[in-house]
Asker: 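The structure's right below; bear with me while I get my questions together.
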Amino acid sequence: NAVTRTRKAQAANYPFCTIDPNLGVVTVPDARLETLSKLSHSQKIIPAAIEFLDIAGLVKGASTGEGLGNQFLSHIREVNAIVQVVRCFENADIHHVSGTIDPVRDIEVVNTELVLADLASLQKRHDRLQKEVRAGSKAAKAEVTVIDKLLPHLDTGKPAITLALTDEEKAVARDFFLLSSKPTLFACNVAESDLAAISAGMAADRGATAQDHPGPDDHADNPAARHVAAVQEYARNHFATEAVVISAQIESELVDLSETEAHEYLRDLGVSGSGVSALIRAVYHLLGLRTYLTTGEKETRAWTIRAGDKAPAAAGVIHSDFERGFIAAETVHFDDLVSLGSFTKARESGKLRIEGKEYVVQDGDVVEFRFNV
């Protein structure tokens, strides 16, 4: 409900409130669009969007069907990345399926079930391939080689995504559709009363080196901060990923407010911005997605590409004809355009460039394509 800014999904204080997944299309917050729109006097703004699928929580034994586990696991198999929303607040009135608050334990329950499900499916696949291997199939042999690397790794409880594989091996493993191979992000759900203090503490810690990250023991006087620090440490060490702090309680209160009212509400709480906005942006990058921009009197729009996409592929996102007949891309980075104030000045200063087919489009590029079909 917080990420979609709606009240569509049922949220109640009992286990398995969610059975069927809640699907929502979420716009990616991007302040650059408003700035560009003013510069071009655009009639409308179209942001980038991604789909979020809200899947029920997993319990111990899910890999063997406990708590509708098989059904929930099949929903996870269809997604590109996972956000684990982890409870980091203490409240005796809000039920927890395990009875106590321990976010790292909760993460490990989920990860263990994903790993166990992957072990079972890989073992079946391995057994099934033996006949083809004996018959001399090179493809089957390549699969078995990768499975033989994955099985012992998973057997130690580690997710598939943390196993170092070559590009060729990764290509083979993609066909296994492993649950624990998906890029993962953690969302620490904290109480309204704790958000400002934790956000301020995190801002102060950003200057810390990898060696002196604050750990759980540095927050002994604040249980929520201790929980968040534990999740951040776990995310870094076990997934090489980040943990974003949100307060679903606060975000649910923003649903009925205008953007200006929401900013004022957060400022009064001592928080600089919406945790959900940060979460959405983090997920966008976790998926390997980037944004380039187009602008004109008709519209200012964010277009989604994959990191590393070259200009013709980026053009193809608008229309296949743009890719097929690609000639060149007239490109200026958003920061340069805004600092110079206009396309004319950007052209005069040499910041507006003509790029060819090999140009890798960067996040924040403002582009106009030339094509001929």
Side-chain angles (χ1 to χ4, degrees), residues 1-13 18 22-39 42-54 83-89 91 94 185-206 224-225 227-228 231 242-287 289 291 293 295 299-302 304 334 338 363-364:
N1 285 343
V3 295
T4 57
R5 287 281 181 262
T6 66
R7 299 191 189 281
K8 287 180 184 172
Q10 188 183 358
N13 187 17
T18 303
N22 299 298
L23 178 65
V25 177
V26 175
T27 58
V28 180
D30 194 336
R32 298 173 298 193
L33 292 169
E34 188 72 38
T35 307
L36 265 189
S37 167
K38 286 175 182 170
L39 196 135
S42 303
Q43 292 168 27
K44 62 179 176 178
I45 291 173
I46 304 173
I50 45 180
E51 278 188 349
F52 273 73
L53 194 69
D54 165 35
V83 180
Q84 284 195 38
V85 184
V86 191
R87 177 170 171 175
C88 292
F89 65 89
N91 186 333
I94 309 282
L185 192 72
F186 298 92
C188 302
N189 186 15
V190 301
E192 180 177 338
S193 54
D194 292 316
L195 183 63
I198 291 170
S199 299
M202 285 174 66
D205 295 336
R206 280 191 194 109
H227 292 323
V228 168
V231 174
E242 61 182 311
V244 178
V245 176
I246 61 166
S247 171
Q249 184 184 356
I250 289 174
E251 299 291 342
S252 66
E253 288 161 11
L254 301 180
V255 170
D256 301 321
L257 302 181
S258 69
E259 201 169 324
T260 308
E261 289 169 334
H263 278 302
E264 285 175 7
Y265 182 85
L266 290 169
R267 195 176 63 235
D268 290 344
L269 289 169
V271 182
S272 59
S274 162
V276 161
S277 294
L279 171 65
I280 295 165
R281 285 192 294 269
V283 168
Y284 194 71
H285 279 257
L286 183 73
L287 288 164
L289 303 178
T291 300
L293 310 157
T295 189
E299 66 180 35
T300 291
R301 183 165 184 160
T304 299
F334 171 83
V338 170
D363 188 86

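Just so you know, these numbers come straight off a predicted model, no measurement behind them. Values reported hereafter were calculated over all heavy atoms of this structure, with side chains retained and with hydrogens, waters and symmetry mates removed. Residue indices begin at 1 and follow the sequence shown.
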Asker: Please list, chain by chain and in numerical order, all residues satisfying side-chain contact (heavy atoms from CB on, under 4.5 Å) with Thr35, sequence neighbours excluded.
Answerer: Phe334, Val338
Asker: After noting the C-alpha distance and the side-chain angles of Phe186 and Val83, does the key distance pass the side-chain contact (heavy atoms from CB on, under 4.5 Å) rule?
Answerer: CA-CA 6 Å; Phe186 298 92; Val83 180; over 6 Å; no
Asker: Show your reasoning for whether side-chain contact (heavy atoms from CB on, under 4.5 Å) applies to Ser42 and Leu36.
Answerer: CA-CA 8 Å; Ser42 303; Leu36 265 189; over 6 Å; no
Asker: Does any donor atom in the side chain of Ser37 or Thr300 lie under 3.5 Å from an acceptor atom in the other side chain?
Answerer: no
Asker: Please name all residues satisfying side-chain contact (heavy atoms from CB on, under 4.5 Å) with Ala282, sequence neighbours left out, ordered by chain then number.
Answerer: Leu185, Glu242, Val244
Asker: Begin with the C-alpha distance, continue with both residues' side-chain angles, and end with the deciding distance and a verdict on side-chain contact (heavy atoms from CB on, under 4.5 Å) for Val231 and Cys188.
Answerer: CA-CA 8 Å; Val231 174; Cys188 302; 3.6 Å; yes
Asker: Measure the spacing between CD1 of Ile46 and CG of Leu33 and express it to the nearest 0.5 Å.
Answerer: 10.0 Å
Asker: Can you confirm whether Arg281 sits close enough to Pro29 that some side-chain heavy atom of one is under 4.5 Å from a side-chain heavy atom of the other?
Answerer: yes
Asker: With side-chain contact (heavy atoms from CB on, under 4.5 Å) as the test, would you mind laying out the steps for Phe52 and Val25 before giving the verdict?
Answerer: CA-CA 6 Å; Phe52 273 73; Val25 177; over 6 Å; no
Asker: Measure the shortest side-chain to side-chain distance between Leu269 and Leu195 over non-hydrogen atoms and say whether it is less than 4.5 angstrom.
Answerer: no
Asker: Measure the shortest side-chain to side-chain distance between Val228 and Asp194 over non-hydrogen atoms and say whether it is less than 4.5 angstrom.
Answerer: no
Asker: Side chains of Ile246 and Val190, heavy atoms from C-beta outward: is any pair under 4.5 Å?
Answerer: no
Asker: Taking the side chain as everything from C-beta on, heavy atoms only, tell me whether Ile45 gets closer than 4.5 Å to Arg301.
Answerer: no
Asker: Check Arg32 with Asp363, please: is the shortest side-chain N to carboxylate O separation under 4.0 Å?
Answerer: yes
Asker: Are side-chain heavy atoms of Thr291 and Val28 found at a separation under 4.5 Å?
Answerer: no
Asker: Nearest heavy-atom pair of Ala191 and Ser247: which atoms, and what distance?
Answerer: C-OG, 3.9 Å
Asker: Taking the side chain as every heavy atom from C-beta outward, state whether Thr304 and Tyr284 have any atom pair closer than 4.5 Å.
Answerer: yes
Asker: With rounding to the nearest 0.5 Å, note down the distance linking CG in Asp54 to CG in Leu23.
Answerer: 10.0 Å
Asker: Side chains of Thr27 and Ile280: closer than 4.5 Å at any heavy-atom pair?
Answerer: no
Asker: Could you tell me whether the side chain of Asn189 and the main chain of Ala248 form a donor-acceptor pair under 3.5 Å?
Answerer: yes
Asker: Minimum heavy-atom separation for Gln249 to Glu192, with atom names?
Answerer: OE1-N, 3.4 Å
Asker: Please list all pairs meeting salt bridge (charged side-chain N to carboxylate O under 4.0 Å, His left out) that have one or both residues in residues 261-278, counting only residues at least two apart or in different chains.
Answerer: none
